[in-house]
Amino acid sequence: MNYKSYKDLSDDIRNNLSKIHACNVDLVVGLPRSGLTPANMIALYLNVACTDFDSFINDRKLKKGKTRKSKTNIEYPHDAKNILLVDDSIRSGSSLHSDLLLIPENLRSKVTTCAIYSSLSKRDDVDMFLEVVPIPRVFEWNLFHHSITSKACFDIDGVLCVDPTKEQNDDGEKYIDFILNAEPLFIPTNKVHALVTSRLEKYRKETEIWLNKHNIEYEHLIMLDLPNKEERQKLGVHGFHKAKYYKSTNTSLFVESEYNQSVEILNITNKPVFCVDENIMLRPGQSYFIKKKVKDTFFKSIINLIPLSIKRKIKNFKSRVK
């Protein structure tokens with residue numbers, strides 16, 4: 001499963017600015033909705049005008065900021081000489097083709113089409129693409145609204161909603177109140193194959209009430225069948241519990257919040273895991289290391305004060321000693 005974040009998007013545009021400069025662009029047009037973000041990024045890097053596709057078609061007057069002047073002085077989209085039409089990605093090319101048909105004949109010769117990501121390394125249905133990202137793929141801006149959710153497992157705490165605080169996590173009244181009123185985080189648009197959580201089975205009713213309240217659709221709710229919080233912490237089977245279900249299904253992605261559990265799930269299943277906390281896609285065949293937790297806050301604060309250059313020297317020294 002290939003993945004691109006907003007940071008990747010920005011970096012990939014910056015690394016390909018020379019290609020875009022060659023088009024001598026004086027207007028950037030973003031295709032709704034995913035093309036609007038890269039279009040704005042490109043326009044800001046080039047310091048040229050930017051607009052959305054509907055405003056471009058209808059030749060609506062361009063809006064200008066007050067903090068800096070654009071290097072182009074066009075007032076209306078149709079006045080532009082070189083137009084860059086941008087989408088975040090291209091797969092079949094049918095969507096882009098449909099949009100091009102809406103552009104008036106007298107403007108089509110001015111338009112250069114650009115997709116930031118292409119599923120293929122060679123294609124003739126777009127003038128320019130910046131990077132190749134093969135299928136299967138998801139992006140940070142569409143992960144929770146992608147059809148992949150129908151073949152995915154999702155954790156709940158730290159993914160669908162915030163994690164409970166230590167005070168809330170009392171395995172009693174405060175915890176029940178947390179479950180019923182937890183603040184939402186990432187709410188998927190489509191039905192999820194399974195919600196796989198380390199919440200105890202005895203909290204199923206409260207969990208279902210919250211899920212229904214936030215219109216979260218799912219096929220299965222897999223919970224941990226243990227008597228209490230103490231037993232769960234004693235066994236420490238959070239990651240194993242999730243991995244066991246994930247491995248037993250034909251699902252192709254697990255969305256987990258905590259990094260160490262993400263690595264554990266990956267190692268057990270040899271299937272992709274998206275870690276929400278780190279915003280990374282963990283993929284089979286690559287090595288990931290469990291992070292050691294520094295429990296003492298005093299020593300943790302001291303370690304954080306050590307310059308990175310010294311930490312590297314210590315690491316290199318340890319490796320030579322070994």
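Predicted model, so just to flag it, every value in this text is computed and none were measured.
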Could you walk me through whether Leu200 and Arg232 pass the side-chain contact (heavy atoms from CB on, under 4.5 Å) check? CA-CA 8 Å; Leu200 301 178; Arg232 180 181 62 188; 4.1 Å; yes
Yes or no on side-chain contact (heavy atoms from CB on, under 4.5 Å) for Phe289 and Val263, after CA distance, side-chain angles and deciding distance? CA-CA 7 Å; Phe289 300 95; Val263 175; over 6 Å; no
May I have the step-by-step check of side-chain contact (heavy atoms from CB on, under 4.5 Å) for Cys161 and Leu185, ending in yes or no? CA-CA 5 Å; Cys161 69; Leu185 282 177; 5.5 Å; no
As a quick check of understanding, evaluate salt bridge (charged side-chain N to carboxylate O under 4.0 Å, His left out) for Lys63 and Glu75, giving each step before the final call. CA-CA 8 Å; Lys63 295 181 180 180; Glu75 289 192 42; over 6 Å; no
Chi angles and distances behind the salt bridge (charged side-chain N to carboxylate O under 4.0 Å, His left out) call for Lys202, Asp171: CA-CA 10 Å; Lys202 63 181 180 178; Asp171 203 15; 3.4 Å; yes
side-chain contact (heavy atoms from CB on, under 4.5 Å) assessment of Ile42 paired with Leu84: CA-CA 10 Å; Ile42 291 171; Leu84 190 69; 4.1 Å; yes
The test is salt bridge (charged side-chain N to carboxylate O under 4.0 Å, His left out); show your working for Arg60 and Asp54 and say whether it passes. CA-CA 9 Å; Arg60 295 193 186 110; Asp54 187 60; 2.9 Å; yes
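Within the 3.5 Å criterion, the main-chain N or O of Thr165 finds a donor-acceptor partner in the side chain of Gln168. Using modelled atom types, one side-chain atom of Asp170 and one backbone atom of Tyr175 make a donor-acceptor pair closer than 3.5 Å. With hydrogens and angles ignored, the 3.5 Å screen pairs no side-chain donor or acceptor of Asp11 with any backbone N or O of Asp8. Proximity of a side-chain donor or acceptor of Arg91 to a complementary backbone N or O of Leu120 within less than 3.5 Å is not detected. A distance-only check finds a donor-acceptor pair linking the side chain of Asp52 to the backbone of Ser55 [under 3.5 Å]. A donor-acceptor pair is defined here as one N or O able to donate and one able to accept, closer than 3.5 Å; such a pair exists between the side chain of Thr149 and the backbone of His146. Put simply, the side chain of Lys110 gets close to the backbone of Ala80: a donor and an acceptor are under 3.5 Å apart. A donor-acceptor contact shorter than 3.5 Å links the side chain of Arg108 to the backbone of Ile103.
The closest side-chain donor-acceptor pair between Lys166 and Asn169, if any, does not fall under 3.5 angstrom. Under the 3.5 Å distance criterion, with hydrogens and angles disregarded, no donor-acceptor pair is assigned to the side chains of Tyr203 and Glu201. Counting only N and O atoms by type, the side chains of Tyr3 and Asn279 include a donor and acceptor under 3.5 Å apart.
Under a hydrophobic-cluster definition in which Ile, Leu, Val, Met, Phe, Trp and Tyr are linked whenever side-chain heavy atoms come within less than 4.5 Å, directly or via other members, Ile156 and Ile209 are assigned to the same cluster. Cluster annotation: Ile265 and Val138 are assigned to distinct hydrophobic clusters (Ile/Leu/Val/Met/Phe/Trp/Tyr, side-chain heavy-atom contacts under 4.5 Å, transitive). Criterion: ILVMFWY side-chain heavy atoms under 4.5 Å apart, direct or through other members. Under it, Val25 and Phe53 are not part of a common hydrophobic cluster. No continuous path of ILVMFWY side-chain contacts below 4.5 Å connects Phe240 to Ile290, so the two sit in separate hydrophobic clusters.
Here the shortest heavy-atom pairing between Gly285 and Asn270 reads N-OD1, 4.5 Å. Val132 approaches Phe129 most closely through the heavy-atom pair CG2-CE1, 3.7 Å. The shortest heavy-atom contact between Ile90 and Ala115 is CG2-CB, 3.6 Å. Taking all atoms of both residues into account, the shortest heavy-atom contact from Cys50 to Asn40 is SG-OD1, 3.8 Å. Contact between His78 and Phe56 at its shortest, heavy atoms only, is NE2-O, 2.9 Å. Considering every non-hydrogen atom in both Glu219 and Lys191, the closest pair reads CG-CD, 3.6 Å.
For Thr189, the side chain to side chain contact (heavy atoms under 4.5 Å, CB included) criterion is met by His145, not counting sequence neighbours. Not counting sequence neighbours, the partners of Leu235 by the side chain to side chain contact (heavy atoms under 4.5 Å, CB included) test are Leu226, Glu231, Val237. For Pro184, the side chain to side chain contact (heavy atoms under 4.5 Å, CB included) partners two or more places apart in sequence, or in a different chain, are Ile187, Trp210, His214. Residues passing the ring pair (Phe, Tyr, Trp, His ring centres under 6.0 Å) test with Phe186, sequence neighbours excluded: Phe144. Residues forming a ring pair (Phe, Tyr, Trp, His ring centres under 6.0 Å) with Phe139 (at least two apart in sequence, or on another chain): Tyr117, Trp141. A search for side chain to side chain contact (heavy atoms under 4.5 Å, CB included) contacts involving Glu208 returns Arg204, Tyr218, Leu221, not counting sequence neighbours.
In this structure, Leu96 and Leu85 have side chains that are in contact, with non-hydrogen atoms separated by less than 4.5 Å. Looking at heavy atoms from C-beta onward, His193 lies out of side-chain contact with Ile148 at the 4.5 angstrom threshold. Using a 4.5 Å heavy-atom cutoff, the side chains of Thr197 and Leu224 are not in contact. Under the 4.5 Å side-chain criterion, counting only non-hydrogen atoms from C-beta, Val29 is not in contact with Val86. Put simply, the side chain of Pro77 reaches to within 4.5 Å of the side chain of Leu27, judged on heavy atoms. Using a 4.5 Å heavy-atom cutoff, the side chains of Glu258 and Ser262 are not in contact. Looking only at side-chain heavy atoms (C-beta outward), Leu9 and Asp88 stay at 4.5 Å or farther from each other. Within the 4.5 Å cutoff, the side chain of Leu195 has no heavy atoms near those of the His220 side chain.
Among residues at least two apart or in separate chains, salt bridge (Lys or Arg N to Asp or Glu O under 4.0 Å) pairs with a member in residues 116-144 are Arg123-Asp125. Within the structure, no pair that satisfies the salt bridge (Lys or Arg N to Asp or Glu O under 4.0 Å) test touches residues 27-45, not counting sequence neighbours. Pairs engaging residues 253-272 under the ring pair (Phe, Tyr, Trp, His ring centres under 6.0 Å) rule: Tyr246-Phe254 [sequence neighbours left out]. Screening residues 93-106 for side-chain hydrogen bond (donor to acceptor under 3.5 Å, both in side chains), with sequence neighbours left out, gives Ser92-Ser94. Residue pairs that meet the salt bridge (Lys or Arg N to Asp or Glu O under 4.0 Å) test with at least one member in residues 233-247, sequence neighbours left out, are Asp155-Lys242, Lys242-Glu256. Residue pairs satisfying the salt bridge (Lys or Arg N to Asp or Glu O under 4.0 Å) criterion with at least one member in residues 172-182, sequence neighbours excluded, are listed as follows: Glu167-Lys174.
No more than 12 heavy-atom neighbours from other residues, nucleotides or ligands sit within 6.0 angstrom of CD on Glu183.
Taking OG1 of Thr113 as the reference point, atom CG of Leu31 lies at 9.5 Å (rounded to 0.5 Å). Here the straight-line distance linking atom CD1 of Ile268 with atom NE2 of His241 works out to 12.0 Å at 0.5 Å rounding.
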